[in-house]
Number of protein chains: 2
Amino acid sequence: MTKDIEHRLKNKDINPTAMRLLVLDFLTKQVAAISLNDLEKGMGPSDRITLYRTLKTFEEKGLVHSIEDGTGATKYALCEDNCDGDHHHDLHVHFYCNTCKETFCLPNTKIPEISLPKRFQTEEMNLIIKGICDQCHSG
Amino acid sequence: MTKDIEHRLKNKDINPTAMRLLVLDFLTKQVAAISLNDLEKGMGPSDRITLYRTLKTFEEKGLVHSIEDGTGATKYALCEDNCDGDHHHDLHVHFYCNTCKETFCLPNTKIPEISLPKRFQTEEMNLIIKGICDQCHSG
DNA sequence: GCTAACATTGCAATAGCATTGCATCGTCAT
DNA sequence: ATGACGATGCAATGCTATTGCAATGTTAGC
């Protein structure tokens, strides 16, 4: 239902415009994290910059989080947690498959506590694991 | 001693040219990981592309490793481990300071074992922690 | 219904990093 | 010497991210 999507936007204090409804709808259908390019290709003919800003807005409001998987292109995925703009503690692991080149959130695999050297203070953590995903795993 | 630097190159099967000696010497003097830009600025007047390729060569041969800290610019730092080109298992944590914007290797802080979901297979891991480094920590 | 204020969108343009092609030059072995 | 090969330097390009600005839509007040 469109109503559901609309509600999710409003809950995050995002003005539910047509474009945003479409983007959010598209994002919910994704299995893997997608780049701006993927989004542009996946959606109908839309303006790249608008999509870019839509993602930025979503990120600021805590609806999606961005992932730097080392491919050079930032990927985006919906937040599972109750993030808000300030607290993006997506402390789950991200997995990049070297075979299918997709980036997945592993929401149930959390980043463990790391004890840093004296006087280093953690604010964010970002763990990318690269390898072979379950789908590409042969045998 | 230049001899020492030269030996380190030869040990890694890298032809010790003047440029490479300079770059490696410069790298050893760094406290933090540096970007191509930093390298270019820090060295005398040198060609950016040559520096780029020098770093690539060093990376291939296992002398340095590259770090994606999310700033958009790839950073490089000397490997501490006995890496070779194939096995870049720099399983230590990298720390990005939000205050001084520097990226540090924490060679003694290793990435712990992570148990992934079934049929996911790890090949590399990359953990970036962002926060405040020991130098910038006030108090 | 009209209008002013504001948010959103779309186009153009730009910045910055990464990367390749090609020509030149140096080095080393025969 | 010369030929092969690696290294260097310049030019050019691709790609992602990002901003400026104008046009457009949307909302609230009258």
Side-chain angles (χ1 to χ4, degrees), chain A residues 2 5-6 9-10 12-27 33-61 63-77 85 96 101 103 128, chain B residues 5-6 8-10 12-27 33-61 63-77 85 96 101 103 128:
Chain A
T2 312
I5 304 275
E6 196 174 331
L9 286 174
K10 284 184 179 167
K12 294 289 186 179
D13 201 30
I14 302 172
N15 218 333
T17 67
M19 175 100 284
R20 289 172 179 168
L21 291 172
L22 285 174
V23 171
L24 179 52
D25 183 56
F26 187 79
L27 285 175
I34 66 171
S35 65
L36 178 57
N37 249 329
D38 298 335
L39 180 63
E40 193 184 8
K41 285 172 191 157
M43 306 265 306
S46 331
D47 180 56
R48 182 186 185 79
I49 284 85
T50 301
L51 294 175
Y52 168 74
R53 276 189 276 223
T54 301
L55 288 175
K56 280 289 179 200
T57 303
F58 284 4
E59 189 183 9
E60 276 168 22
K61 300 294 188 177
L63 189 58
V64 306
H65 58 279
S66 60
I67 308 157
E68 279 286 347
D69 59 10
T71 60
T74 307
K75 304 272 177 69
Y76 298 85
Y96 176 79
K101 316 295 186 197
T103 302
I128 300 277
Chain B
I5 303 276
E6 195 174 332
R8 291 177 62 188
L9 286 174
K10 283 183 179 167
K12 294 291 185 176
D13 201 31
I14 303 172
N15 218 334
T17 66
M19 176 100 283
R20 288 171 180 171
L21 291 172
L22 284 174
V23 172
L24 179 51
D25 182 56
F26 186 79
L27 286 176
I34 65 171
S35 66
L36 178 57
N37 250 328
D38 298 335
L39 181 61
E40 193 184 8
K41 285 173 190 157
M43 306 262 310
S46 331
D47 181 56
R48 182 186 183 80
I49 285 84
T50 302
L51 294 175
Y52 168 74
R53 276 189 276 223
T54 302
L55 288 175
K56 280 287 180 203
T57 304
F58 284 5
E59 189 182 10
E60 275 168 23
K61 299 294 187 176
L63 188 58
V64 306
H65 59 278
S66 60
I67 308 157
E68 279 285 347
D69 58 9
T71 60
T74 307
K75 304 273 177 72
Y76 298 85
Y96 176 79
K101 316 295 186 196
T103 300
I128 301 277

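Here is the naming used below: chain letters follow the sequence lines, and residue numbers restart at 1 for every chain. Here the structure is a predicted model, which is why all the values come from computation and not from measurement.
Inspection of the A:Glu68 and A:Thr74 side chains reveals an N or O donor paired with an N or O acceptor under 3.5 Å. Residues A:Asp69 and A:Thr71 have side chains that bring a donor and an acceptor to within less than 3.5 angstrom of each other.
Under a 4.0 Å N-O distance rule, the pair A:Glu6/A:Lys10 qualifies as a salt bridge.
In terms of phosphate contacts, B:Tyr52 brings no side-chain nitrogen or oxygen within less than 4.0 Å of OP1 or OP2 of C:dC17. Proximity of A:Thr54 to the phosphate of C:dT8: no side-chain N or O atom is located under 4.0 Å from OP1 or OP2. A sub-4.0 Å separation between OP1 or OP2 of C:dC17 and a side-chain N or O of B:Asn37 is present. For B:Thr57 and D:dA7, the shortest distance from a side-chain N or O to OP1 or OP2 is not below 4.0 Å. The shortest distance between the side-chain N/O atoms of A:Thr50 and the OP1/OP2 oxygens of C:dT8 is not below 4.0 Å. Taking 4.0 angstrom as the limit, A:Asn15 places none of its side-chain polar atoms (N or O) nearer than this to OP1 or OP2 of D:dT26.
If you measure from atom NZ of A:Lys61 to atom C1' of C:dA7, you get 12 Å, rounded to the nearest angstrom. Rounded to a whole Å, the CD atom of B:Glu68 is 14 Å from the C1' atom of D:dA17. Summarising the geometry, the separation between CD1 on B:Ile14 and P on C:dT27 is reported as 19 Å, rounded to the nearest angstrom. Rounded to a whole Å, the CE atom of A:Met19 is 14 Å from the C1' atom of D:dT24. In this structure, the CD atom of B:Glu40 is 15 Å from the P atom of D:dT8, given to the nearest Å. In this structure, A:Lys75 places its NZ atom 10 Å from P of D:dA17, rounding to the nearest Å. Atom CG of B:Leu39 is separated from atom P of C:dC17 by 13 Å (rounded to the nearest Å). When the C1' atom of D:dT18 is taken as reference, atom CG of A:Leu51 falls 15 Å away, rounded to whole Å.
Put simply, CG on B:Asp38 and OG1 on B:Thr103 are 9.5 Å apart, with the number rounded to the nearest 0.5 Å.
Residue contacts for A:Thr74: at a heavy-atom cut-off of 4.0 Å it reaches the sugar-phosphate backbone alone, with no base atom in range. The residue B:Asp47 sits close to a base: some heavy atom pair falls under 4.0 Å.
Of the candidate nucleotides D:dT18, C:dT8, D:dA7, D:dT18 has the atom nearest to the side chain of A:Lys56. Among C:dC11, C:dA18, D:dT8, the nucleotide with an atom closest to any side-chain atom of A:Ile49 is C:dC11.
With sequence neighbours excluded, no residue forms a side-chain hydrogen bond (donor to acceptor under 3.5 Å, both in side chains) with B:Asp13.
If you find the closest nucleotide of DNA chain C to B:Gly72 and to B:Arg53, the one lying nearer the 5' end belongs to B:Gly72.
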